[in-house]
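The residues of the chain are indexed from 1 along the displayed sequence.
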Amino acid sequence: MPSLAAISKIDFPFKTDQQDVKEYAKKLFAVSFPEVERMLSTFDHTEIATRNLCKPLDYYSQVHTFQDQNLEYIRLTLEYSIDAIEKCISSAQINKDDITDIIFVSTTGLATPSMDALIINKMRLNQHINHMAVFGLGCGGGVSGYAKACTLAKANNDAVVLLVTAELCSLTFLRDDFSKSNFIGASLFADGVAACLIMGDNHTKIENEITFVDNQSKLYFDTLDIMGWDFGNNGFKVLFSSGIPSIIAQNVRNDATSFLAKNQLELADIKNFIFHPGGKKVLTAYQEALAIEGDFLKTTREIMQGYGNMSSSTVLYVLEKFFSEGFENGYGLMMSMGPGFSCEMVLLQMRK
């Protein structure tokens, strides 16, 4: 089965303390947002300590056109995606020409030609590489992208599939939007770029082996307004409902157990939980619904505390932490929720 050969993440040079972001938001919103004092506690309740930001705080105090923000998205995404890819290539000890497929996942900017094409051109990758750009999956994109990469590697035993997720959420911040959703977004979202290489069976396995077993997607009917973007003249306006944790609480246990049952497994068989941390309330919903003993979301929580919510990239930061710092022998379950409203899962076999 397809295996993970290398994975890398980006720590941006402007990683910022959450309390500094809080004070900055207070200054930005104070004049035009009468609820600012009452809402500031939102920053503390996230349990985020530092935010991974691609720009210094001063950048966000200025009004930027959508065109300007999107041009920065393209420039920075290309730069840091290549950085993450080169780390993967070096770690896996392969030649860049060995890459047979590339999947690029993002929901925080637009580019045509797509970012995968820009990466291929800039890096001078194989001109015949199969490439795919996936837009609109939001926080669910990391797990979904991983599943798609493994599907390609499963179909071709010689495949070397490159998956890149890039989310510059902070560049979607609307300086003149004083809505509650924009304020909450300012307390939670951050920037992340991650890359991984997934190989087919004909390639040599590495010592710490993480192999793909199965995946499942589920879209919940009549939940289209739960999460997404409202596209306006000024750019991307974040939309998310306070009902997200309750949807998770009502569905996640049945979704996980039914998925595992198809593979003759139970929740007790899962040793490594690689979940996307949507926020404190989402993590609480996971914990209460799954009712698993111990702090099974410890690694997920640590990534949220250290980086913030980086949309689709976040779950790959969690996976990278397992990959680089160690995991328990046994099965792993990747999970994330995204617009639709949807649930994405991947089952992994993890061996030291």
For atom [atom1] of [X], is the number of surrounding heavy atoms from other residues, nucleotides or ligands below 6.0 Å larger than 12?
X	atom1	answer
K87	NZ	yes
K281	NZ	no
D222	CG	no
K262	NZ	yes

Between [X] and [Y], is there a donor-acceptor pair closer than 3.5 Å when you use the side chain of the first and the backbone of the second?
X	Y	value
N70	G109	no
T151	A147	yes
Y317	T300	no
D269	E266	yes
N157	N202	no
S170	A190	no
R124	N121	yes
H203	D158	yes

Atom pair [atom1]/[atom2] of [X] and [Y] - distance to nearest 0.5 Å:
X	Y	atom1	atom2	value
M227	S342	CE	OG	8.0 Å
L188	N309	CG	CG	4.5 Å
E167	C139	CD	SG	8.0 Å

What are the two closest heavy atoms between [X] and [Y], and how far apart are they?
X	Y	value
K55	L76	CE-CD1, 4.0 Å
V105	L163	CG2-CD1, 4.0 Å
I48	G308	CD1-CA, 3.8 Å
L267	A256	CD2-CB, 4.3 Å
Q216	D255	NE2-O, 4.0 Å
Y24	L57	CE2-O, 3.1 Å

Going through the checks in order, is the side-chain contact (heavy atoms from CB on, under 4.5 Å) test met by I274 and M350? CA-CA 12 Å; I274 307 151; M350 306 172 75; 4.2 Å; yes
Are F273 and F275 near enough that their ring centres are under 6.0 Å apart?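 Here the rings of F275 and F273 have centres that are less than 6.0 Å from each other.
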Are F189 and F173 near enough that their ring centres are under 6.0 Å apart?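 So the answer is no for these two rings.
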Shared hydrophobic cluster, [X] / [Y] (ILVMFWY, side-chain heavy atoms < 4.5 Å):
X	Y	value
F14	I10	no
I74	I85	yes
I89	I82	yes
I129	V134	yes
V160	M1	yes

Show, in sequence, the C-alpha distance, side-chain angles and deciding distance for Y146 and F212, and conclude whether the ring-ring contact (aromatic ring centres under 6.0 Å, His included) test is met. CA-CA 9 Å; Y146 196 89; F212 172 78; 7.5 Å; no
Considering the options E23, R51, Q305, E47, which one meets the side-chain hydrogen bond (donor to acceptor under 3.5 Å, both in side chains) requirement together with Q18?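 The passing option is R51.
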H64 vs Y59 aromatic rings, parallel, tilted or perpendicular, using cut-offs 30° and 60°?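 Rings of H64 and Y59: parallel, under 30°.
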Between F341 and Y220, what is the ring plane arrangement, given parallel below 30°, perpendicular above 60°, and tilted in between?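 The rings of F341 and Y220 lie parallel, inter-plane angle below 30°.
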Tell me, with the steps shown, if L171 and C54 meet side-chain contact (heavy atoms from CB on, under 4.5 Å). CA-CA 8 Å; L171 292 184; C54 67; 4.0 Å; yes
Pairwise ring-ring contact (aromatic ring centres under 6.0 Å, His included) hits with a residue in residues 98-142, at least two apart: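 Every pair satisfying ring-ring contact (aromatic ring centres under 6.0 Å, His included) with a residue in residues 98-142: there are none.
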Verify whether one side chain among [X] and [Y] offers a donor that lies under 3.5 Å from an acceptor in the other.
X	Y	value
S3	E209	no
S336	E344	no
Y307	S313	no

Verdict with supporting geometry, L4 and L319, side-chain contact (heavy atoms from CB on, under 4.5 Å): CA-CA 10 Å; L4 178 63; L319 181 62; 4.0 Å; yes
Using side-chain heavy atoms (C-beta onward) and a distance below 4.5 Å, is [X] in contact with [Y]?
X	Y	answer
R301	Q287	yes
F259	D214	yes
M304	V318	no

Run T284 and K280 through side chain to side chain donor-acceptor pair (under 3.5 Å) and show every step you take. CA-CA 6 Å; T284 299; K280 179 183 176 181; over 6 Å; no
L168/Y80 under side-chain contact (heavy atoms from CB on, under 4.5 Å): CA gap, chis, key distance, verdict: CA-CA 11 Å; L168 304 188; Y80 286 107; over 6 Å; no
